[in-house]
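Structure record follows, encoded as structure tokens.
We use all heavy atoms of the structure for the numbers below, so side chains are in, but hydrogens, waters and symmetry mates are not. So that the names make sense, note that chain A is the first sequence line, chain B the second, and so on, each numbered from 1. Everything numeric in this text was worked out from a predicted model, so none of it was measured.
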Amino acid sequence: MSHHLFVQMLAFALGGSLGSALVSLVADRYPRVLSRVAFPALAVAGAASVTIGLEAILTGGRFAVELPLGLPWLHWHLKLDPLAGFFFSLIGIGTLAAGLYGPAYCREFRHGPYSLAVLGLATGLFIAGMQLVVLADDAFAFMIAWELMSLSSYFLVGYQHQNAANRRAAFFYLLMAQIGGLSILLSFGVLAGFGHGFTFEEMRAAPLSLSWSSIAFTLALVGFGAKAGLVPLHAWLPEAHPVAPSHISALMSGVMLKVSVYGFIRVVFDLIGSPHWSWGVALLIIAGITALYGVLYALLQNNLKRLLAYSSVENIGIIFIGLGLSIIFYGTGQHLLGTLGLVAALYHSLNHMLFKSLLFLGAGTVLQRAREHDLERMGGLLKALPWTGLCFLIGCMSISALPPSNGFVSEWVTFQTALQATSLESGVLRAVIPITAAVLALTGALAAACFVKVYGVAFLGLARTRRGRRCTEAGPGMVGAQGMLAALCLMFGVFPTATVTALNHIVTDLTGHALTAATANGWLWLTPISSDTASYSAPLVSLGVLLSLAAWAVVYLVLRPGGHARMTRGDTWDCGFGPLNARMQYTSTAFTMPVQRIFKPFWDLREEVEREPRNGLPQEPERLRHQLHVDDISWRLLYTPVVKLLHATTRRVGRIQTGHLRHYLAYSFITLILLLWIIT
Amino acid sequence: MKIWALALLQSTAFVLLAPLFAGWVKWVKCRLQNRRPPPLAQPYRDLWKLFGKEALLSHNASILFRIVPYIVAGATLLAAAVVPLLAVNLPTAAIADVIVLTGFFALARFFLALAGMDVGTAFGGMGSSREMTISALAEPAMLLAVFTLAMVAASTNLSTVIEQVLSDGLVLRPSLLFALLAMCLVAVAETGRIPVDNPATHLELTMIHEAMILEYSGRHLALIEWAAQLKLMIYGVLIANIFFPWGIATTPTPVALLVAVAAITAKLSILGVLLATGESVLAKMRLFRVPAFLLLALTLGFVGLLSHIILEIR
């Protein structure tokens, strides 16, 4: 692609999102603008982003432009290298899905109390912000884009602001985003201070001592970790993601978290350059805790979108496990394995973007059609929403890491990287890495349990509400967006070799080290290290699964019209007690009860039992209501103490504010004298 | 070409002989308990009968309910295809390594658990919930044992692992001992045998696997039963061939294959006797004691891993 063409495509990508934001300004007056212009513009921006992103990955080209914006001495530098291209196309896929999904989904906001203009404007700016973060090639542009992304998403989280919980979630989100942003700024400050300049080019060349680079790493970890949702900085995520409109939840969970993963990779692997292995150990421990913590909390949630948000925490943990392994291996000179870890992390970023967006869009469809966000009141939705149900099943399979889905491949590659720990010199490292692998194994198994619960309770069984039974499938736009993501989930699961080849290009371009044997045996075989060490043939496995489906189809087609039906329908066996009803099914809380007993100390659980006594006899209550509240343990351990400390400090500082003018004059006078004294 | 034929033959043998192994375990168990055993071919007769019967379906069952038996059977079949029964270095073994193998089991379990919840009875949900809980601990325990093997052999390919153990000869590796113990506990839990689950019971308080498939009948039930028997045999073969690989054919010559047939028959017979004995002398555990059992497996797997790292690497 020529430079000229690139600039044109870039104009499409950025212009689409910014243009969508601009035209939305009139959406309150002409609501159709949102569905006719704003969302299609986003879809165009998404498609253009995917195109140039892929171009950058496949050709390994670098495209740079300098925009006449920003400070007088520092214009905005934008650059698209393969790494940025990869994340740029992730943003593109998410934007495309949101653009297809949005028109029908946002129709319900038309008659609501909220402003459509704010929705369209913030969505467009949010996407433009994410695109610019990935494109930015200097710290200044990066921070502006980062804040644009944070601020516009704040308005989206707080969009339905009549609900006090949403306002609270939005404020908390903004607070955490600012803390994270500050930390990133300081990290850039360290790099820019030594590199004497704010462009990434100069920061890359900064000569850093180990202690300064460790400081930069820690600051970057806190900053990007807060945005990505690493425990214990994750607490905003399960509050903020569920309350945003569903296509925004999909963008936030699926795409925005990946943008912070991008930022982390950019700073640690590119700007700092040569990561030290001890950072990897710290990262591995944090990531392991994050993964396990996320899945344990996801398991116990009854609000579908909140569950998905906790599951994002888990997946971010898995991605950072890959990054941690990569840092350890690079830091100890095992370049091949370091590359493999990075490839695993990128692969999982791609996968999580696909299946988490898919699942959030599915949850949005359920929310719109069945008006339900509580798993306890869903059920039987597969019959009412067959296509959404099919796509959601594919998403559940992928997130549970079942072969031949895409989620399995990335976890498998992560396992393969971890199992090479024996090649390390240090005994401690050799022990730490397998422990992480064990945590990852536990996480995967718990995630499968979690998503069996989700799918079984929500989509299978009997409908628990009348609306759940009567609702109808969503329109083609909403189903199409989910179908596209589901198809991509399958594609990246069935053809991992091609994907790994492309990811290998990206990592080679970034670090200068390539995988040698991973894809050497043709498109059928994925052999990360060598074909003796491990091999996986996703196409053949998929063929096996397809053959079993074909066997079903043959039986179905051959036996059905052949006169003897060999299949009788009857009522479900009720043990002779009378008809079964929907309330006798296992609920979401009931399903996780055994797990809850096993891992009890990990949650703050509050159980409430309400009894309505009949005729004053408490032992024979007329109605019994059992509720289980799951509180995030990080609140008790971290946030509440910090808030208390903050309150106590501010109260103490507040004492100097007496309210008398003379005191304030005295303060100004003293300050003035102090300053004069310092200057002279 | 010949070697692909051999691989196909091996998979077919796996599928055809799985009911026989289940029948053997039942036979030994009956003898141990002073009951008159059914003939060894009884599982075949049961399957034949089930395949001949019409399938009865609940009005509430969705299409998923009807597809699941095929996916379960297919996934288990795939698992059987990659496990070396008679010979190592067969081409099918490269399709999937041992981590993918646990993935196949996870796939089958995922869909079976979904099917349990599909009809909307309390039994089905109960079975699914329990099965997923148990597997949430059993699967990591299995993977830990697998990781130990993988680190010992520097490979996760089953063929390579077996060859490595063979070439080691009769050395005593503590890590493999722990991995073996972990694997045995996991096998008992995953195949639903006493003391974790009882394949012969239909008592609501104790059922796990049977509760999930309670609504199935006819050919659907036959497929699921067959898959369960296959799974039992796969675990048997894994334990027999990984930890005691002697006799397995390393070259595809007729003599080696005959030796391999004799060896695996002997090994599986002994394993069957051990399993039946265990099931006869142990009582079924309460459901909430099972996590302790599985945590033991997890711990054993972990100790195996650490003992390899600490003791066995130069």
Side-chain angles (χ1 to χ4, degrees), chain A residues 380 382-383 397 400-403 408 412 415-416 419 422 427 430-431 434 437-438 441-442 445-446 448-449 452 455-457 460-462 525 531-537 540-541 544-545 547-549 551-552 566-573 580 582 584-586 590-591 593-595 597-598, chain B residues 54-60 62 64 66-67 70-71 73-75 77-78 94-97 99-100 103-104 106-107 110 113-114 117-122 125-126 128-130 132-133 135-137 139-140 143-144 147 150-151 154-157 160 215 218 287-288 291 302 305-306 309-310 313:
Chain A
L382 182 61
K383 286 174 192 130
M397 278 178 68
S400 308
L402 302 175
F408 178 76
W412 186 75
F415 277 135
Q416 292 300 342
L419 286 178
T422 36
R430 280 204 300 251
L442 184 59
L446 286 169
V452 165
Y455 201 78
V457 171
L460 303 177
L462 303 174
W525 308 96
S531 55
D532 273 346
T533 314
S535 64
Y536 170 49
S537 173
L540 289 180
V541 170
V545 175
L547 281 179
S548 29
L549 288 179
W552 168 75
R566 301 238 308 163
M567 169 88 71
T568 316
R569 289 256 182 189
D571 286 331
T572 314
W573 170 236
L580 299 166
M584 294 176 184
Q585 300 174 86
Y586 250 48
F591 189 91
M593 206 284 231
V595 181
R597 266 182 86 140
I598 300 172
Chain B
E54 66 171 6
L56 189 62
L57 220 64
S58 160
H59 288 304
N60 305 330
S62 70
L64 189 79
R66 303 166 66 176
I67 300 180
Y70 295 89
I71 296 186
L77 197 62
L78 272 173
I95 292 177
D97 67 348
I99 299 177
V100 186
F104 289 147
L107 180 69
F110 182 86
L114 283 185
M117 302 189 75
D118 187 46
V119 178
T121 61
M126 189 174 74
S128 305
S129 162
R130 292 176 176 179
M132 292 316 288
T133 308
S135 73
L137 293 175
E139 202 186 291
L143 279 174
L144 274 180
F147 290 166
M151 288 198 159
S155 165
T156 53
N157 277 357
T160 322
E215 290 296 323
L287 181 71
F288 288 112
F302 207 60
L305 199 62
L306 287 184
I309 290 165
I310 295 167
I313 302 179

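- Looking at Ile309(B), both its backbone and its side chain come within 4.5 Å of chain A, counting heavy atoms on both sides.
- Interface check for chain B: of the options Pro434(A), Gly380(A), Ala431(A), the most heavy-atom pairs under 4.5 Å are formed by Pro434(A).
- Counting heavy-atom pairs under 4.5 Å between each of Ser62(B), Ala75(B), Ala136(B) and chain A puts Ala136(B) at the top.
- With a 4.5 angstrom heavy-atom cutoff, Ala154(B) touches chain A only via backbone atoms.
- Note that CH2 of Trp412(A) and CG of Asp97(B) are 5.0 Å apart. Values are rounded to the nearest 0.5 Å.
- Looking at Leu549(A), only its side chain comes within 4.5 Å of chain B, counting heavy atoms on both sides.
- Both the backbone and the side chain of Ile99(B) come within contact range of chain A, judged by heavy atoms closer than 4.5 Å.
- Proximity to chain A (any heavy atom under 4.5 Å) is restricted, for Leu144(B), to the side chain, taken from C-beta onward.
- In this structure, no portion of Ala401(A) lies under 4.5 Å from any heavy atom of chain B.
- Nearest heavy-atom pair, Ser135(B) versus Ala445(A), reported as atom, atom and distance to 0.1 Å: O-CB, 4.0 Å.
- Between Ile71(B) and Trp552(A) the shortest side-chain heavy-atom distance does not fall below 4.5 Å.
- Of all the heavy atoms in Pro594(A) and Thr133(B), the pair that sits closest is CB-OG1, 3.5 Å.
- For the atom pair Tyr586(A) OH and Met117(B) CE, the distance stands at 9.5 Å (nearest 0.5 Å).
- For the side-chain contact (heavy atoms from CB on, under 4.5 Å) with Asn60(B), the lone residue among Thr572(A), Asp571(A), Leu460(A) that qualifies is Thr572(A).
- The heavy-atom pair separating Phe147(B) from Ala437(A) by the smallest distance is CE1-CB, 3.6 Å.
- Interface residue Phe591(A): backbone and side-chain heavy atoms are both found under 4.5 Å from chain B.
- Atom CG of Leu446(A) and atom CD of Glu139(B) lie 9.5 Å apart (nearest 0.5 Å).
- Here the CZ-CG distance, from Arg430(A) to Leu306(B), works out to 11.5 Å after rounding to the nearest 0.5 Å.
- The structure places OG1 of Thr568(A) at 9.0 Å from CG of Leu57(B), a figure rounded to the nearest 0.5 Å.
- No hydrogens or angles considered: a donor-acceptor pair under 3.5 Å links the side chains of Thr156(B) and Gln416(A).
- With rounding to the nearest 0.5 Å, the separation of CG in Leu137(B) from CD1 in Ile598(A) is 5.0 Å.
- Contact annotation for Ile67(B): both backbone and side-chain heavy atoms come within less than 4.5 Å of a heavy atom of chain A.
- The side-chain heavy atoms of Ile95(B) and Trp525(A), taken from C-beta on, include a pair separated by under 4.5 Å.
- Residues Leu419(A) and Met151(B) approach most closely at O-CE, 3.9 Å, considering heavy atoms.
- Only the side chain of Arg597(A) comes within contact range of chain B, with at least one heavy atom under 4.5 Å from a heavy atom of that chain.
- Chosen from Asp118(B), Leu107(B), Ile310(B), the residue pairing most often with chain A at heavy-atom distances under 4.5 Å is Asp118(B).
- The residue among Leu305(B), Val100(B), Leu78(B) with the most heavy atom pairs within less than 4.5 Å of chain A is Val100(B).
- Residues Val541(A) and Phe104(B) meet the side-chain proximity criterion, which asks for heavy atoms closer than 4.5 Å.
- Between Asn157(B) and Ser535(A) the shortest heavy-atom distance is OD1-N, 3.3 Å.
- Between the side chain of Ser155(B) and the main chain of Asp532(A), a donor-acceptor pair closer than 3.5 Å is present.
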